[in-house]
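One-based numbering, in listed order, for ligands and for the atoms of each. Being a predicted model, the structure only gives us computed values, none of them experimental.
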Amino acid sequence: MLELTSLKEILAYPRQIVITTHHKPDGDAIGSSLGLYNYLIQKGHHVKVITPSDYPVFLQWMPNNPEVIIYPEKSKDSDQLIAEADLIFCLDFNALSRINQLGERVRESAAKKVLIDHHLEPEDFDDYRYWSINACATAQLVYEFIVNIMEEPGLINKDVATCLYTGIMTDSGSFRFATTTPAVHYIAADLIARGAENSKIHELVYDNFSENRLRFLGYCLLNKLEVLTEFHTAMIVVSRHELQQFNITTGDTEGLVNYALTINGIRLAALIIERQDLVKLSLRSTGDFPANEICKKYFNGGGHRNAAGGQSGQSLRETVQKFKQILPEYKSLLIQ
Ligand code: 5GP
Ligand code: MN
């Protein structure tokens with residue numbers, strides 16, 4: 001374990017720092033990573049953000065995005081950076097398996113590891129932890145880390161504010177999920193005051209669809225949505241062939257599952273997608289229905305209570321069948 005005073009001592013001098021975040025980074029993963037990056041470089045540190053995989057174009061505009069290293073594209077250089085780092089910040093994930101091959105490199109590194117995260121039950125791989133499941137986003141925790149822990153609110157400049165605002169906006173469902181407390185709005189207000197252009201950020205993330213993506217959305221809603229009224233559940237199942245047909249790329253399916261949840265009375269929404277080598281599930285729920293429990297118990301995954309994911313090595317058809325067979329077990333919770 002690392003005491004806060006020791007962490008502050010380490011950060012008082014220029015260091016070699018790596019920031020990493022989860023596989024298929026989302027707005028919070030990139031927003032919190034680049035937010036922290038833009039803070040640390042002001043303190044004279046040598047910082048690299050390394051992601052385990054690529055991420056969508058609608059997240060590639062944040063300040064200093066070109067500095068991000070995508071691990072599979074530069075694995076040798078990344079391995080060296082991780083091995084030689086003094087500090088590694090692990091953002092927005094709770095288990096090293098969430099960062100693929102990077103996980104072992106991080107585990108082996110002699111660097112001190114700082115976890116900043118809001119997922120349940122983090123694995124014990126860190127030396128210092130700033131963690132809360134009550135945070136709406138890891139970006140909220142990065143803000144609190146800079147302001148309350150490091151006591152450097154003055155270093156939240158426009159670049160930091162822009163990235164952190166993006167993380168909070170995306171992970172809170174544009175400030176609508178139950179995790180959006182008064183504190184979240186105060187933080188958002190402060191970030192806007194410090195230069196985050198909220199309206200522009202929203203546009204950059206959400207009004208950035210390709211034509212294909214919008215047509216794919218329409219196709220899914222019209223032809224692929226299945227409502228299981230008895231279980232207050234709605235699902236969308238997409239085959240590999242359909243992904244190819246619409247030329248769907250990284251990030252194009254993000255947000256799709258939320259549409260299924262907008263139907264009146266639906267408590268659980270599922271998006272089941274046949275990817276290259278496995279079938280991926282995304283679950284969303286309302287209230288206290290534990291979507292993460294289904295993912296953990298049956299699909300080798302996890303996540304938050306209302307937003308979770310997992311995978312299956314079975315065929316698409318078998319996976320869908322398995323999902324449907326699980327629903328009776330949760331019927332009493334689903335029909336509440
Ligand atoms: P999404 O459905 O957007 O892919 O993921 C929603 C949330 O579920 C993520 O923020 C993450 O916490 C969790 N999640 C998604 N896929 C996995 C997985 O394969 N394993 C684990 N442990 N969590 C996942
Ligand atoms: Mn997050």
Is [X] close enough that one of its N/O/S atoms sits under 2.8 Å from the Mn ion (ligand 2)?
X: Asp26; result: no
X: His118; result: yes
X: Asp28; result: yes

Tell me: protein heavy atom nearest [atom], and distance?
atom: atom 12 (O) of ligand 1; answer: His119 NE2, 2.8 Å
atom: atom 7 (C) of ligand 1; answer: Ala307 O, 3.5 Å
atom: atom 4 (O) of ligand 1; answer: Ser282 OG, 3.6 Å

Can a cation-pi geometry be assigned to [X] and [Y], taking NZ or CZ under 6.0 Å from the six-membered ring centre and within 45° of the ring axis?
X: Lys112; Y: Tyr128; result: no
X: Arg213; Y: Phe209; result: yes
X: Lys322; Y: Phe299; result: yes

Quiz item: Would you say the side-chain atoms of Asp86 pair up with the backbone N or O of Arg15, donor to acceptor, closer than 3.5 Å?
Solution: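 Checked: no pair found.
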Quiz item: Counting only N and O atoms by type, is there a donor-acceptor contact under 3.5 Å from the side chain of Ser132 to the main-chain atoms of His118?
Solution: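 Side chain of Ser132 to backbone of His118: no pair is present.
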Practice problem: To 10°, measure the OD1(Asp92)-the Mn ion (ligand 2)-OD2(Asp171) angle for me. | Solution: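 Vertex at the Mn ion (ligand 2): approximately 170°.
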Quiz prompt | Intermediate values then yes/no, side-chain contact (heavy atoms from CB on, under 4.5 Å), Leu334 and Leu268 | solution = CA-CA 7 Å; Leu334 285 166; Leu268 178 65; 3.6 Å; yes
Quiz item: Passes side-chain contact (heavy atoms from CB on, under 4.5 Å), Val160 versus Ile146? Steps please.
Solution: CA-CA 10 Å; Val160 176; Ile146 298 171; 4.2 Å; yes
Quiz item: Any idea which atoms of ligand 1 are less than 4.0 Å away from a heavy-atom of Gly303?
Solution: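 With Gly303 as reference, the close atoms of ligand 1 come out as 8 (O), 12 (O), 13 (C), 23 (N).
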Exercise. Report the part of Glu254 (side chain from C-beta onward, or backbone N, CA, C, O) that has a heavy atom under 4.0 Å from ligand 1; answer both or neither where that applies.
Key: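 Neither part.
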Self-check item: Arg284, portion touching ligand 1 at heavy-atom distance under 4.0 Å
Solution: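 The answer is the side chain of Arg284.
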State if [X] counts as touching ligand 1 under the rule of any non-hydrogen atom under 4.0 Å.
X: Arg98; answer: yes
X: Lys280; answer: yes
X: Lys24; answer: no

Self-check item: Distance in Å, Ile236 CD1 paired with Leu271 CG, rounded so as to fall on 0.5 Å steps
Solution: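 These two atoms lie 6.0 Å from each other.
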Self-check item: Criterion side-chain contact (heavy atoms from CB on, under 4.5 Å) on Phe145 and Ile116, from CA distance to verdict
Solution: CA-CA 9 Å; Phe145 178 76; Ile116 304 183; 4.0 Å; yes
Quiz item: Heavy-atom distance to atom 15 (C) of ligand 1: which of Gly310, Gly309, Ala291 wins?
Solution: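 The residue whose heavy atom sits nearest atom 15 (C) of ligand 1 is Gly309.
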Quiz prompt | Gly302, Gly301, Gly255: member with heavy atom nearest to atom 24 (C) of ligand 1 | solution =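 Considering heavy atoms of Gly302, Gly301, Gly255, the nearest to atom 24 (C) of ligand 1 sits in Gly302.
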Practice problem: State, yes or no, whether a side-chain contact exists between Phe216 and Leu256 at a heavy-atom distance under 4.5 Å. | Solution: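 Yes; the side chains approach each other to less than 4.5 Å.
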Exercise. Return yes or no for this condition: an N or O of Gln311 is under 3.5 Å from an N or O of ligand 1.
Key: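 By distance alone, the answer is yes.
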